[in-house]
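Written below as structure tokens is the structure these notes are about.
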Amino acid sequence: MSQNRLKYSVEGLGENLLTTQYDLMIRHATVLNSSQTPVKVDVGVSGGKISAISPQLEATATQDINAQGNLLSPPFVESHIHLDSALTAGEPRWNESGTLFEGIQIWGDRKRQLTVEDVQKRAIQTLKQQASQGVLLVRTHVDVSEPSLTALQALLALREEVKDWITLQVVAFPQDGIYSRPDNETLLREAVQLGADVVGGIPHYELTREDGVKSVQCIFEIAQDGDRAIDLHCDEIDDPQSRFLEVVAAYASHTGMGSKVTASHTCAMGSYDNGYAYKLMGFLKRSQVNIIANPLINITLQGRSDTYPKRRGVTRVKELWQNGINVSFGHDCIQDPWYNLGTGNMLDVGSMGLHVCQMTGQDEIAACYEMITHNGAKTLNLEDEYGIEVGKPANFIILDAASPYEAFCRRATVTHVVSRGKLLARTPVVETEWFGD
Ligand code: 17E
Ligand code: FE2
């Protein structure tokens, strides 16, 4: 067993204590320090943890990886996905209108055929696809407005099965609304008792504004009773009158749940007038809620009733970030009734976000990278275990790029994925052979 006595982080780069033997050593990596400045380091891993970060480590290791000056980054965080519907695009039919509502109808038919094996097969395939592209933390929604709770049970079992290589959080999500059927509230409570980590909701899809507000109240009660976090689909619509985000912010403040509360999508914010949005921004900041935008999905689902000018349907990511609110980006769907494309690549998500939200300045691009890494870990309330620091679990990736900017430019390959101190996946960089002049 290797020594594990080195206690300094990237900030303490000057010290270079010797150790005898690491399990894994990454040489010639670039990491970003706390002020986002790139520094060249070697990283030593032992006992599943990062045990040394130094400009040069004079040590041996059971396994050596030469990063060749490339970026060693904390893993990508998928803060919002629906694994229960992943890889079902076209079943039983394709979403021709491209709307959220047709997606819900198609899923309504598909979910009647769910079995535990069907859900687990698609989910594990998706998780492997995600992990091989550098995602090691995932929050998945699972529809619990389905009487047998098949998908929930499948994903709760899978959460345990995969925990040695990927961290999965499960949100109990009543896709059809809590009040669309008499037993949906009971199903949501049951899902929490069965072990869902997070309570979900969909206030904009309840029949009335009043039902929507009541659903938020109910969700907070369930979460407080079960000591769970909250992540609602909130205002995923172009309707500027859809104002459930203010209700969520109010409950987050009144209950003191603060950063344990997340509002996902919040598309209507892109349709609010500036006066209201400005007031809301202050409330959001005080409430400490997290926001998740899903740019790949909402740029395609929203704006469908517009002619021209056509709205983008994505929430005010740049302004939320400028106001110090924690924003992350999610993929939302991989080849399902709402979005028939996608591979789980978080650089695709971040890139779409930076385009749609016009975050092309250098600091803005860096912020978009944070939205697929650190900010997602914060939303999942897992930041204590996350980051490139001595003593933290050795979960990190190496990209074929020297910086986040370059990673976005070239949609860089994640060449190495290290999870719990072990190499989990390696992907070679594709090289073109040029036969012209
Ligand atoms: N369900 C929903 O209400 N909204 C979405 N974007 C997806 C599922 C993917
Ligand atoms: Fe979603």
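As a basis for the values below, the full set of heavy atoms in this structure was taken, side chains included, without hydrogen atoms, waters or symmetry mates. One-based numbering, in listed order, for ligands and for the atoms of each.
Checking His82, His204, His331 against atom 7 (C) of ligand 1, the nearest heavy atom belongs to His82.
Every pair passing salt bridge (charged side-chain N to carboxylate O under 4.0 Å, His left out) that includes a residue from residues 337-356 is listed here, sequence neighbours excluded: Asp348-Arg411.
A donor-acceptor pair under 3.5 Å is absent between the side-chain atoms of Gln302 and the main chain of Cys267, judged by distance alone. The main-chain N or O of Met346 is never found under 3.5 Å from a side-chain atom of Glu78 such that the two would form a donor-acceptor pair. With Glu383 contributing its side chain and His374 its backbone, the two residues share no donor-acceptor pair below 3.5 Å.
Of all the atoms in ligand 1, the ones that sit under 4.0 Å from a non-hydrogen atom of Leu100 are 2 (C), 3 (O), 4 (N), 5 (C). Atoms of ligand 1 found under 4.0 Å from any heavy atom of Ile202, numbered from 1 in the order shown, are 3 (O). Within the listing of ligand 1, atoms 5 (C), 6 (N), 9 (C) sit less than 4.0 angstrom from a heavy atom of Asp332. In the vicinity of Cys333, heavy-atom distances shorter than 4.0 Å reach the ligand 1 atoms 9 (C).
In summary, Cys333 places no N/O/S atom under 2.8 Å from the Fe ion (ligand 2), failing the contact criterion. At a threshold of 2.8 Å, the Fe ion (ligand 2) has no backbone or side-chain N, O or S atom of His141 nearer than that distance.
When only non-hydrogen protein atoms are considered, atom 4 (N) of ligand 1 lies nearest to Glu236 OE1, 2.7 Å. Of the protein's non-hydrogen atoms, Gln175 OE1, 2.7 Å is the one closest to atom 1 (N) of ligand 1.
Side-chain rings of His265 and His80 approach one another, their centers coming within less than 6.0 Å.
Put simply, part of His265 is less than 4.0 Å from ligand 1, judged by heavy atoms.
Ion pairing between Glu146 and Lys111 fails under the 4.0 Å rule for side-chain N and carboxylate O.
Contact annotation: the side chain of Ile65 approaches that of Ile398 to within less than 4.5 Å [non-hydrogen atoms, C-beta and beyond].
At the Fe ion (ligand 2), the angle from OD1 in Asp332 to NE2 in His265 is 100° when rounded to 10°.
Annotation: cation-pi pair Lys279/Tyr276 absent, no NZ/CZ under 6.0 Å from the ring centroid and within 45° of its normal.
Considering only residues two or more places apart in sequence or on other chains, Asp400 meets the salt bridge (Lys or Arg N to Asp or Glu O under 4.0 Å) condition with Arg410.
Restricting His233 to its N, O or S atoms, the one at the least distance from the Fe ion (ligand 2) is NE2. Here the N, O or S atom of His80 that is nearest to the Fe ion (ligand 2) is NE2.
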